[in-house]
Amino acid sequence: MSVALKRIKESRSTLQEAVAKYPDVPGLIILKIDVQRRGVHYTQRALDAVDPAVHQIRTNALFGSRDGEFTPRPESLLLRDGTSIVVDSTPVEKNPYLVDFVDGRFALTDGEELLEFVDLWEKPKYYDLETSSGTPMANLVTARPQRFNILGSSFCHFVVGDKQCRYCDIGKNYKQLRQSTGIPARANPREVAEIVREGLKETGRFTTFCITGGSVLKGVDLFDQEVEWYIELLQAIGENFETKKFPSQLIASAFNERQLRRLYDETGLMSYTSDIEVLNEEKFNWICPGKAESVGYREWKRRLFKAVEIFGRGNVATGIVGGVELARPFGFESEAEALRSTLEEAETFAAAGVPVLSTVWLPRPGSLFSDQQNPSLDYYVQLFSGLHQLRASYGLTIDFDDYRRCGNHADTDLSRIL
Amino acid sequence: MGIQLSEELILLFNDAGTFKALATSDGDRIPDVVAGGIFRISDEGNIIYLEHLETSRTNHNLVSAIWFERQVSIAVLGRNGENYQIKGRPVKVHITGDLFRKYYMESRALLGDVDLSGVWVIEPTEVIDESLQRRQAREEQQRPFFRHLDRLAKPQN
């Protein structure tokens with residue numbers, strides 16, 4: 001038996017064991033977590049069945065893929081319970097799950113076992129159109145099943161001077177995207193408004209916006225230029241609506257109270273997220289040197305708490321890259337210690353009305369942590385369950401970043417029944 | 001394992017005068033019944049249930065049912081006294097895509113300014129004829145002790 005086959009067998013039993021070990025966690029969500037953890041590889045049979053007229057193909061993105069290439073692959077998957085699996089193409093030698101085409105349907109498989117039939121995300125109709133200035137709309141505003149995704153700056157200023165977060169490949173991805181597609185670093189707000197207007201014609205498709213991008217440090221106050229850009233963008237988008245406020249999420253730097261107040265008062269923005277990434281000051285300082293030097297862990301946290309006063313409880317969140325707290329050499333030495341510490345700190349956020357949501361750490365090839373390994377499935381099941389339980393305990397909802405609108409956080413998938 | 005609904009039951013189901021109610025249960029096995037929702041039969045013979053509210057108890061229970069493989073039940077009462085119960089299991093929910101958008105628009109055409117949370121697909125697993133006459137005949141044949149003697153007695157002057 002080859003080494004590759006042996007590893008596949010070991011991984012499969014881990015999934016089955018986890019489903020048996022955590023009966024209160026839905027098997028579909030455990031599957032999602034493991035698929036995100038290990039990634040997917042599309043078989044040739046599956047790729048042949050992809051219909052670019054129907055299915056959404058990956059275009060512009062803030063982060064690169066796990067195969068380090070910009071290849072036309074399906075954007076992501078949907079499970080039968082409506083859960084999205086936001087996942088990208090992974091080299092087959094890294095032991096990913098397979099997406100195959102079986103009996104006329106796409107299917108997630110592992111080794112010889114068919115685990116679930118899945119749907120590919122469907123392409124929004126505006127993806128086939130160009131803006132009035134001739135830019136392909138899909139290059140400027142991407143989509144999730146119910147969400148417009150808009151990139152502010154696809155460049156992060158922390159990359160300058162090697163201060164980028166160590167798990168992040170935004171710098172490499174930025175260069176790759178510019179070279180291969182010519183997509184601008186920043187979309188023109190007028191063009192974005194035009195695309196949104198077109199997208200809204202697709203009745204029953206979209207429920208929200210997610211606007212995000214790399215940190216922009218420039219301005220009189222730190223991040224002033226970033227804030228100015230987001231205000232201009234949100235105002236342009238808002239022209240499409242009768243109401244001042246419209247369902248929307250901004251994932252951005254940790255802004256000060258004046259900047260947050262401007263965003264709330266001058267735009268239709270309804271929720272604010274600023275990712276603290278790691279819930280431990282010492283690890284944060286090591287893993288996110290740019291964020292640590294420019295704002296600092298305690299101030300980042302304080303600004304999030306202040307944002308609740310402006311946007312309201314249930315409308316502010318922070319994200320972490322779950323598992324990166326175990327990175328070598330300065331991360332936690334055991335999963336048990338990392339889990340205990342992370343959930344304890346997450347509770348201080350929840351108590352202040354700020355739910356913590358997590359992604360699965362993917363050691364991407366363009367990041368400084370590219371040669372590392374993410375933690376076990378057990379770790380993630382307990383982490384995501386713990387974050388969900390904190391929301392339940394503190395009566396916090398996460399509607400703007402849930403299974404429908406985002407789909408990238410197993411903890412918010414669990415919270416769909418709160 | 002799913003079963004095929006009879007043509008008679010599908011006709012009854014699609015009759016606008018037929019009353020339908022969906023029963024679900026939560027993790028603590030507390031039941032919840034809602035009547036008057038919009039149901040359809042899909043081309044594959046599954047039951048389609050349109051859930052308009054993300055936060056409804058029914059929706060949460062349907063999510064729990066698909067996660068933890070629990071069954072749900074649908075009561076079907078026809079205008080001529082037909083009375084069936086269909087047990088089934090939720091096998092899929094459409095929250096996006098062509099089918100979702102079709103029912104989103106249909107819901108709004110029928111009900112006005114409403115939203116749609118999901119298009120639930122329920123695979124029938126059992127059909128029970130609940131009309132009293134048929135149930136009683138069946139029970140009397142299978143469990144003959146469950147009868148009052150006065151029903152069997154000779155008429156007295």
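From a predicted model like this one, the values you see are computed outputs, not experimental measurements. Every chain is numbered from 1 and lettered A, B, ... according to where its sequence line falls, protein lines coming before strand lines.
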**Student:** If you measure from CD1 on B:Ile66 to CZ on A:Arg80, what distance do you get to the nearest 0.5 Å?
**Tutor:** 5.0 Å

**Student:** Using non-hydrogen atoms only, which part of A:Val54 is less than 4.5 Å away from chain B: side chain, backbone, both, or neither?
**Tutor:** neither

**Student:** Is it the case that atom CD in B:Glu69 sees more than 12 heavy atoms from other parts of the structure closer than 6.0 Å?
**Tutor:** no

**Student:** Does B:Arg101 offer a backbone N or O that forms a donor-acceptor pair with the side chain of A:Glu202 under 3.5 Å?
**Tutor:** no

**Student:** Can you tell me which portion of A:Leu418 sits under 4.5 Å from chain B's heavy atoms? Options are side chain, backbone, both or neither.
**Tutor:** backbone

**Student:** For B:Leu62, is it the side chain, the backbone, both, or neither that has a heavy atom closer than 4.5 Å to a heavy atom of chain A?
**Tutor:** neither

**Student:** When you look at CZ of B:Arg57, are more than 12 heavy atoms from neighbouring residues, nucleotides or ligands closer to it than 6.0 Å?
**Tutor:** no

**Student:** Give a yes or no on this: more than 12 heavy atoms of other residues, nucleotides or ligands lie within 6.0 Å of atom CG of A:Asp51.
**Tutor:** yes

**Student:** Between B:Val63, B:Thr55, B:Asp26, B:Asn61, who has the most heavy-atom pairs with chain A when the cutoff is under 4.5 Å?
**Tutor:** B:Val63

**Student:** Check whether B:Val91 gets within reach of chain A through its side chain, its backbone, both or neither, counting any heavy atom under 4.5 Å.
**Tutor:** backbone

**Student:** By a 4.5 Å heavy-atom criterion (distance strictly below it), what part of B:Asn59 contacts chain A: side chain, backbone, both, or neither?
**Tutor:** neither

**Student:** Could you check which of A:Glu122, A:Arg205, A:Arg404 has the highest count of heavy-atom pairs closer than 4.5 Å to chain B?
**Tutor:** A:Arg404

**Student:** One thing to verify: whether B:Lys92 and A:Asp119 come together as a salt bridge, which I'm taking to mean a side-chain N less than 4.0 angstrom from a carboxylate O.
**Tutor:** yes

**Student:** Among B:Asp115, B:Val93, B:Asp98, which has the most heavy-atom pairs under 4.5 Å with chain A?
**Tutor:** B:Val93

**Student:** CG of A:Leu28 to CH2 of B:Trp67: how many Å apart, nearest 0.5 Å?
**Tutor:** 9.0 Å

